[in-house]
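The structure appears below as structure tokens.
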Amino acid sequence: MDVSELLTIEHDVLVIGAGGAGLRAAIECSSQGLSTGVISKSLLGKAHTVMAEGGMAAALGNADSRDNWKIHFRDTMRGGKFLNAWRMAELHAKQAPARVRELQEWGAVFDRTKDGLINQRNFGGHRYPRLAHVGDRTGLELIRSLQDHGIHQGIDFHMECTALELLKDEEGRIAGVAGYWRDTGRFVLFRVKTVIMATGGGGRCWPVTSNSWEYTGDGLAMAYDAGAELMDIEFTQFHPTGMVWPPSVRGTLVTEGVRGEGGVLLNNKGERFMFNYVPERFASETADTVEEADRWLAGEEGTRRPPELLTRDVVARAIRAEVEAGRGSPKGGVFLDIASRRDAEAIKRKLPSMYHQFRELAEVDITKEPMQVGPTLHYFMGGIRVDHDTQMTAVQGLFACGECAAGLHGANRLGGNSLSDLIVFGQLAGKGAGEYIKALEKAPHVEDDPIKEAFRRATAPLNRETGENPYLIQEELHEIMAQHVGIIREGEEMREGIKKLEEMASKIENVKAIGASQYNPAWHQALSVRSMLLVSQAVAMAGEMREESRGAHTRVDFEGEREEWGKVNIVVRKAADGTMELEKIERPEPAKYLSEIGYADIDDLESGKVGADAPEE
Amino acid sequence: MAERTFRIWRGDSEGGDFVEYKSEVGEGQVVLDVLHTIQAHQANDLALRWNCKAGKCGSCSMEINGKPKLACMTRMNMYEPGETITCQPLKAFPVVRDLVPDVSWNYKQNKRIAPFKCKPADADGKHRMYQEDIDRVQEFRKCIECFMCQDVCHVLRDRDRKDAFAGPRYMIRVAGLEMNPLDDEDRIPELKHELGVAMCNITRCCTEVCPEHINITDNGIIPMKERVVDRFYDPLLIAFRALTGRRKRTKLRTVESTKE
């Protein structure tokens, strides 16, 4: 291979991934006059962001004027079980409202309040109605608004183009990306000064997931290989309500918006069982009778929130416990009932995709019957470790934002904080990349050898005579992850899983893609099973290391939160000898005003007794 | 479980043919599930697009037994037990490989549409609009860009007049902007001169296939045609405007009227 003959494209910044975070980052880069490219495995507008349903959290104060960034910040920290990066949670809570309003100025059409402002709905863990939304298709609105705005900003979109490897110069700075166009199978070399990773999570490592096929952890794997660190990777969120029937759609998301609109969870005895699962930390802010919960829903002041709106980790574990105790629904979940709570017209207006999804796929009319739901792998709280202000990783010139980055959500993410994460940190990553480029004296240059190596590795599955079927390999991986690294974890079980994953490595080295290079999903699959294995190993090893239960990480052998584990994050990196290395790193002390707000009694915070002197910018 | 027969178009821009596969079909499965089973076990390199598998992204549109459908939302029990299922790519676009069409033309049409131009905020810095004024806009914004409306549009499919008409998808995109109370751009000349709204002959095939049940023709295209006619062909209005120098108002005015 002659590198000079390769199709070569030059940019200042290449954004990998065209979901909400990637598009927002690209728009920011372009606005600074940088030559910006975006590559995505799929067509523009199809990224996993379109599946987000409920809304984006921002303390706009439109639906309840008592809301502000401090309360949003406190909710986020409490939801994340205080393992979040304090500074990121602060930036997020402060900047989300401006980012949401900006979306509206770019054409997003949110549902309205009676006064004509952006409407906000209730969601789990959020004290006030905070989620700007569009029915139950908020993600589609977000991605379409960014897409239709972005195409006029001078950004080069390279659709159906897959990144293979990150390339660095001799000083270890980002200098390029090796990729290929799926429609032709043709290789492409991007020579760039920075890369922004916006590649999402790795939910496809599990069989029951709400994630689209793209969620194979490629970005995490590429960054890890390039020398970046992964953090909090043991925290994988199981969304409490996925469809459980029919089998082929098991895992498909049922939005938390159903509960936000008043939907309740029932076991097969017709009991609202969530009242039995209220954790101590939330007891003083949660209703303890059905009557109080209903009065809260009707908007009565002085009442407390229904327990169905507790954080996702709590609800998911409760559902699992009910099913285990034999109180589940006929198809192995529990009942989620909106039919008896709201009239048919309101359901169709506020939850149109849920209505459609259940009617088309399960032949269930949710305005008449309850849904059956159960936990589904939904989100990676952990990801690539980044600087809290610039979003740069341990690799010079490599940035990360959105789900593939770690920090904001800690041990558990609140619903609605993901879409706002995308736009807040997408923007900041774009800014960070711009500042990095400004300070660069000379563009980094990658030598020929690493380029040739990258393409040689990529073609190996095509060139092999025989080998493993990449689709069946993924099924095998699914079994291991479901059995050994599920919603409830145990040390010995995970250690067995880690061994099985190690055994899979040699099979994956020998995977064979049948067919040619043009639009060949087998080839694509053969390349991404390696990412999935790597991500699975990181989750399993970090999960085995964290000997406590916190947020989404539940250990039967180590119940409850342990104080010493609240002081550390687990970081995973590639050691010099190529093995996976784990380290507990001490968490930095938060700014005094942040810790005061985070741990404040809610009345003290709202009366201004605490947090009044916190900087607003 | 029952064995079913699938005929899948395999090939590329040079040509191709239908290949027959037999596969087991499980309870509640959709066409996409069966295609995945075939791909995993019999045809690893079978090219098809899909992402969300929940009818939200519009990637897996294809022609199933002659009708454009989302493969992820098409249940197998909608067909007769012995019926052969035939899958082929959307016909109105060139094929890349197997079930994957080249839909890049659509993205080019989108780029031709002038971007949303936001009106200035109210005095308190906020933008206001009312739910009843945006219900219709939100209907159009449900579009998941599956391009099935483009696929069945006679102007694009049978007459191949992609040079003259941007297609139903972009008619409702413009309608969504034109009816948006916050959009400050005049869309009518663009609709007439650039995007070819007059080419549509209202057969409503697009509306029929829309998986989001958007009433493309009646709620989107016809009102746009009317606004074009009002602006360019109404002799009385033309005379009136020539005398008074006033432009036809095409936007909803609820925002202003309620502020007073």
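Just so it is clear: chains get the letters A, B, ... in the order the sequence lines come, proteins before strands, and each one is counted from 1.
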Any heavy-atom pair between the side chains of A:Asn119 and B:Gln131 that's under 4.5 Å? no

Largest heavy-atom contact set with chain B, pairs under 4.5 Å, which of A:Pro521, A:Gly139, A:Gly515: A:Pro521

Distance check, rounded to the nearest 0.5 Å: B:Lys126 atom NZ versus A:Leu117 atom CG? 5.5 Å

Determine whether A:Val134 and B:Arg141 make a side-chain contact, defined as any pair of heavy atoms from C-beta on separated by less than 4.5 Å. no

Can you confirm whether A:Tyr519 sits close enough to B:Asp98 that some side-chain heavy atom of one is under 4.5 Å from a side-chain heavy atom of the other? no

Counting only heavy atoms closer than 4.5 Å, note whether A:Met243 contacts chain B via side chain, backbone, both or neither. neither

Nearest 0.5 Å please: distance from the CD atom of A:Glu214 over to the SG atom of B:Cys57. 8.5 Å

May I ask you to check whether over 12 heavy atoms, not counting those of A:Arg186, lie within 6.0 Å of atom CZ? no

Tell me, side chain or backbone of A:Asp115 under 4.5 Å from chain B's heavy atoms, or both, or neither? backbone

Do side-chain atoms of A:Arg112 reach the backbone of B:Tyr130 as a donor and acceptor pair under 3.5 angstrom? no

Max heavy-atom pair count under 4.5 Å with chain B, selected residue of A:Trp245, A:Phe157, A:Phe110: A:Trp245

With no hydrogens and no angle check, just 3.5 Å: does a side-chain donor-acceptor pair link A:Glu363 and B:Asn77? yes

Going by distance alone, is a donor N or O of one side chain under 3.5 Å from an acceptor N or O of the other, for B:Arg75 and A:Ser248? no

Could you measure the distance from the CG atom of B:Asn110 to the CG atom of A:Leu44? Nearest 0.5 Å is fine. 8.5 Å

Please work out which of the three classes, parallel, tilted or perpendicular, describes the rings of B:His213 and A:His356, given edges at 30° and 60°. perpendicular

Toward chain B, the part of A:Trp106 with a non-hydrogen atom under 4.5 Å: backbone

Heavy-atom count around B:Glu3 CD within 6.0 Å, excluding the residue itself: above 12? yes

Taking A:Val249, A:Leu472, A:Leu140 one by one, which has the highest count of heavy-atom pairs under 4.5 Å against chain B? A:Leu140

Mind ranking A:Glu53, A:Glu105, A:Glu360, A:Arg182 by heavy-atom pairs under 4.5 Å with chain B and telling me who comes out on top? A:Glu105

Contacting region of A:Ile118 [heavy-atom separation from chain B under 4.5 Å]: neither

May I ask you to decide if B:Ala40's main-chain N or O and A:Asn469's side chain share a donor-acceptor pair within less than 3.5 Å? yes

May I ask you to name which of A:Gln357, A:Met159, A:His48, A:His149 has the most heavy-atom pairs under 4.5 Å with chain B? A:Met159

Okay, A:Gln518 and chain B: the region with an atom under 4.5 Å from a heavy atom over there is both

Inter-residue atom distance A:Gln104.CD - B:Phe116.CZ, 0.5 Å rounding: 7.5 Å

Part of A:Gln147 lying under 4.5 Å from any heavy atom of chain B: side chain

The interface call for A:Lys41 against chain B, heavy-atom contacts under 4.5 Å, is neither

Would you say that B:Lys56 contacts A:Arg137 through its side chain, given a criterion of any heavy-atom pair below 4.5 Å between the two side chains? no

Which atoms of A:Ser145 are under 4.5 Å from chain B, going by heavy atoms: the side chain, the backbone, both sets, or neither? both

Chain B contact via A:Ile151 - which portion, at a heavy-atom distance below 4.5 Å: both

Would you give the length of the straight line joining atom OG of A:Ser353 to atom CD of B:Glu212, rounded to the nearest 0.5 angstrom? 7.0 Å

Portion of A:Tyr215 that has a non-hydrogen atom of chain B nearer than 4.5 angstrom: neither

Any side-chain to backbone donor/acceptor pair from B:His127 onto A:Arg101? Under 3.5 Å, distance only. no

Just give me the residue among B:Lys142, B:Lys111, B:Glu145 that pairs up with chain A most often, heavy atom to heavy atom, under 4.5 Å. B:Glu145

In terms of heavy-atom proximity below 4.5 Å to chain B, should A:Arg250 be classed as side chain, backbone, both, or neither? neither

Heavy-atom closest contact (A:Leu361 atom, B:Cys72 atom, distance): CD2-O, 3.5 Å

Do we get A:Lys46 above B:Tyr107's six-membered ring, with its NZ or CZ under 6.0 Å from the centre and within 45° of the axis? no

Going by atom types only, do A:Asp111 and B:Gln138 share a side-chain donor-acceptor pair under 3.5 Å? yes

Given a strict heavy-atom distance threshold of 4.5 Å, which part of A:Ile514 is in contact with chain B: side chain, backbone, both, or neither? both

Side chain of A:Tyr471, backbone of B:Asn44: donor and acceptor closer than 3.5 Å? yes

